[in-house]
Trainee: 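A single structure is presented below for examination.
Computed from a predicted structure; not experimentally measured.
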Amino acid sequence: MGISEKNVKDILGSEIQISEIVDQRLQETYLLLENTENKPAGLKRRKNRRKNFYAAAAVVIVCIGIPSVVYASVKSGFFEGMFGNDTKKSTDVIHAEIDNGKGGTTAVDIPSKEYVPVDPEKAENMIGQWVMDEPVVTKIGGHTLTVQSFACDKHAAFMYFTLEREGGVTALAGNMDTNLTKGAYFTEDADFYFRVEASGEITGADNIYVDMEKSTGDKLYCSSYILWPEGLKEGDSIELVIDKYPGAARELYAMTDEEKAQEWQEQIKTERIPLTSKGQIPVQCIDLGNDGFIEYSPVSICVDMSKGLGLSEEEAGDPYYMKHLEIKYKDGSSYVIHDDIENINNSGYVLGTDEGYKTAFNRLVDTNQIAEIIVNDVSFPAQQ
């Protein structure tokens with residue numbers, strides 16, 4: 001009998017702390033991924049060193065210099081991969097009956113998701129100056145990780161990358177089911193794990209979307225939507241952090257001797273690779289004092305759920321109490337990011353934190369055209 005999941009977590013460090021009610025919501029929503037083969041390796045899932053957070057719903061360095069004309073197309077690939085709909089397909093609400101592991105089934109509704117076109121020229125004008133200038137290529141054993149582009153603001157980050165291996169990618173797995181639910185995951189065959197950190201203290205939580213049209217068995221094209229559990233400060237450095245294991249993750253799971261498991265973990269080698277010096281996409285705010293506070297940019301939003309919504313302190317920290325989130329534009333159109341009743345989820349990722357409810361957008365938002373932001377049934381007029 002192998003080491004229990006609890007033993008592994010105790011050995012490898014503090015796990016993300018999730019409240020009982022949030023954990024219940026997660027289990028209800030993501031029961032589709034409760035089988036063993038869909039669990040990510042997550043060997044180095046570290047507790048954020050500044051604050052805990054709730055999840056709603058991971059060497060040789062070669063820097064490639066390329067001409068600006070060529071890089072323009074790379075940036076367009078980033079805009080399309082993160083915010084467009086050329087290869088991402090919108091989906092209606094999916095009603096499913098799945099095995100609940102107790103001899104029965106549970107009804108699960110996977111929310112609808114809409115992707116929209118992105119105008120590369122407009123995207124360049126909105127956020128282009130904060131997009132990473134050159135890709136970073138990293139060899140990790142038999143895999144090659146290429147961070148094609150990266151950009152971030154105070155609350156979110158967006159990383160477009162490829163992972164390839166001759167003979168087939170074995171470290172990361174994803175498909176249409178993971179795209180609709182919790183994102184791609186590191187497998188038990190993985191002998192490494194990577195994540196994004198700010199100033200070595202804030203570890204981004206992410207959801208990885210695998211482009212099923214562009215990807216092949218040997219090469220995955222991925223969009224990673226990342227949320228910072230604590231808002232970044234000006235000057236925070238951004239790094240790609242890679243943990244190289246002494247063997248495949250499955251080796252650790254099979255160990256029965258905790259001392260040997262600890263020795264195995266101590267052999268993990270960590271590499272830190274600077275990602276960008278472009279700074280952060282600026283955020284704007286709607287500050288109504290005790291009546292409400294929202295920060296937003298073209299790529300994300302953070303809502304302080306403790307102000308203006310009539311929620312208790314405990315409720316304010318639980319994403320379950322975000323029932324409706326919508327951006328209304330001056331021309332009368334709107335971007336419904338989340339709606340419980342209509343089963344809509346038009347986000348890249350969602351995270352509940354001490355600072356508020358954070359969402360990484362799945363499309364670019366022209367902040368100059370925002371008229372108001374609706375949170376549940378409360379309107380927050382844009383202050384322009």
Side-chain angles (χ1 to χ4, degrees), residues 56 82-83 111-119 122-123 125-127 129-130 151-158 225 227-228 230-234 280-384:
M82 302 303 311
F83 307 111
S112 67
K113 191 176 287 286
E114 180 188 30
Y115 296 100
V116 300
V118 62
D119 182 332
K122 186 174 182 179
N125 291 334
M126 290 171 64
I127 66 170
Q129 65 179 298
W130 294 284
C152 72
D153 69 5
K154 179 179 180 180
H155 298 293
F158 299 79
Y225 299 89
L227 288 167
W228 308 114
E230 180 178 352
L232 302 191
K233 296 180 176 60
E234 286 296 330
Q280 302 166 25
I281 300 168
V283 299
Q284 297 172 245
C285 74
I286 300 174
D287 189 352
L288 305 180
N290 291 331
D291 292 328
F293 184 83
I294 295 174
E295 286 187 321
Y296 61 93
S297 78
V299 296
S300 79
I301 188 168
C302 176
V303 180
D304 186 341
M305 300 286 286
S306 68
K307 296 179 179 179
L309 301 174
L311 300 176
S312 68
E313 183 177 348
E314 182 178 359
E315 291 171 341
D318 185 348
Y320 172 75
Y321 291 94
M322 174 63 80
K323 303 298 184 182
H324 181 87
L325 181 59
E326 179 180 2
I327 294 174
K328 290 193 172 182
Y329 297 106
K330 295 174 182 178
D331 66 1
S333 62
S334 69
Y335 169 24
V336 178
I337 303 164
H338 173 81
D339 187 273
D340 270 1
I341 295 177
E342 298 297 328
N343 260 321
I344 296 172
N345 175 21
N346 290 323
S347 70
Y349 192 44
V350 169
L351 191 70
T353 76
D354 291 343
E355 294 183 337
Y357 176 99
K358 300 188 178 187
T359 294
F361 298 149
N362 72 348
R363 66 196 67 176
L364 285 174
V365 169
D366 188 342
T367 56
N368 293 324
Q369 298 303 314
I370 295 177
E372 62 178 333
I373 298 174
I374 308 297
V375 182
N376 293 347
D377 57 356
V378 180
S379 171
F380 295 85
Q383 298 175 345
Q384 298 177 355

Trainee: Looking at Y329 versus Y335, is the centre-to-centre ring distance below 6.0 Å?
Mentor: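 Judged by ring-centre distance (under 6.0 Å), Y329 and Y335 do not meet the cut-off.
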Trainee: Measuring only between side-chain heavy atoms, which start at C-beta, is Y296 closer than 4.5 Å to I286?
Mentor: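 Heavy-atom side-chain distance check passes, below 4.5 Å.
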Trainee: We want to know whether H338 and N345 form a side-chain donor-acceptor pair, criterion being a heavy-atom distance below 3.5 angstrom.
Mentor: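 The answer is no; no qualifying pair exists.
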Trainee: When L364 is tested against each of D119, I127, V116 for side-chain contact (heavy atoms from CB on, under 4.5 Å), which residue passes?
Mentor: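 Looking at D119, I127, V116, the match for L364 under the side-chain contact (heavy atoms from CB on, under 4.5 Å) is I127.
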Trainee: Rounded to the nearest 0.5 Å, what's the gap from CG on D339 to OG on S112? Could you check?
Mentor: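 D339 CG to S112 OG: 9.0 Å, rounded to 0.5 Å.
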Trainee: Donor-acceptor pair, Y225 side chain versus M82 backbone, under 3.5 Å?
Mentor: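 Such a contact is found between Y225 side chain and M82 backbone.
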Trainee: Is a salt bridge present between R363 and E114, judged by a nitrogen-to-oxygen distance below 4.0 Å?
Mentor: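 Yes.
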Trainee: Taking all atoms of both residues into account, what is the closest heavy-atom pair of K358 and G231, and its distance?
Mentor: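 So the two residues come closest at NZ-N, 3.5 Å.
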Trainee: Between T359 and F361 (side chain of the first, backbone of the second, donor and acceptor by atom type, cut-off under 3.5 Å), is there such a pair?
Mentor: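 Answer holds: no.
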Trainee: Sequence neighbours left out, what passes side-chain contact (heavy atoms from CB on, under 4.5 Å) with N376? Give chain and number order.
Mentor: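 Expected list: M322, K323.
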Trainee: Between NZ of K328 and OG of S333, what distance do you get to the nearest 0.5 Å?
Mentor: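 Result: 11.0 Å between the selected atoms.
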Trainee: So which heavy atom on C285 is nearest to which on E295, and how close?
Mentor: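 Heavy atoms of C285 and E295 come nearest at CB-CG, 4.0 Å.
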Trainee: Could you tell me whether a side-chain N or O of D318 sits under 3.5 Å from a main-chain N or O of Y321, the two making a donor and an acceptor?
Mentor: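 Side chain of D318 to backbone of Y321, a donor-acceptor pair under 3.5 Å: no, none is there.
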Trainee: Can you name the side-chain contact (heavy atoms from CB on, under 4.5 Å) partners of N343, sequence neighbours left out?
Mentor: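 By the side-chain contact (heavy atoms from CB on, under 4.5 Å) rule, N343 matches V93, D109, P111.
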Trainee: Less than 4.5 Å apart, side chain to side chain, heavy atoms only: is that true for I373 and E326?
Mentor: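 The answer is no; the side chains never approach within 4.5 Å.
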Trainee: Atom NZ of K154 and atom CH2 of W228: how far apart are they, to the nearest 0.5 Å?
Mentor: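 Rounded to the nearest 0.5 Å, the NZ-CH2 separation comes out at 14.0 Å.
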Trainee: Taking the six-membered ring where the residue is Trp, are the ring centres of F83 and F158 under 6.0 Å apart?
Mentor: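 Distance test on ring centres: under 6.0 Å, yes.
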Trainee: Would you say D153 and S300 are linked by a side-chain donor-acceptor pair, where the criterion is simply a distance under 3.5 Å?
Mentor: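 Per modelled atom types, S300 and D153 side chains form a pair under 3.5 Å.
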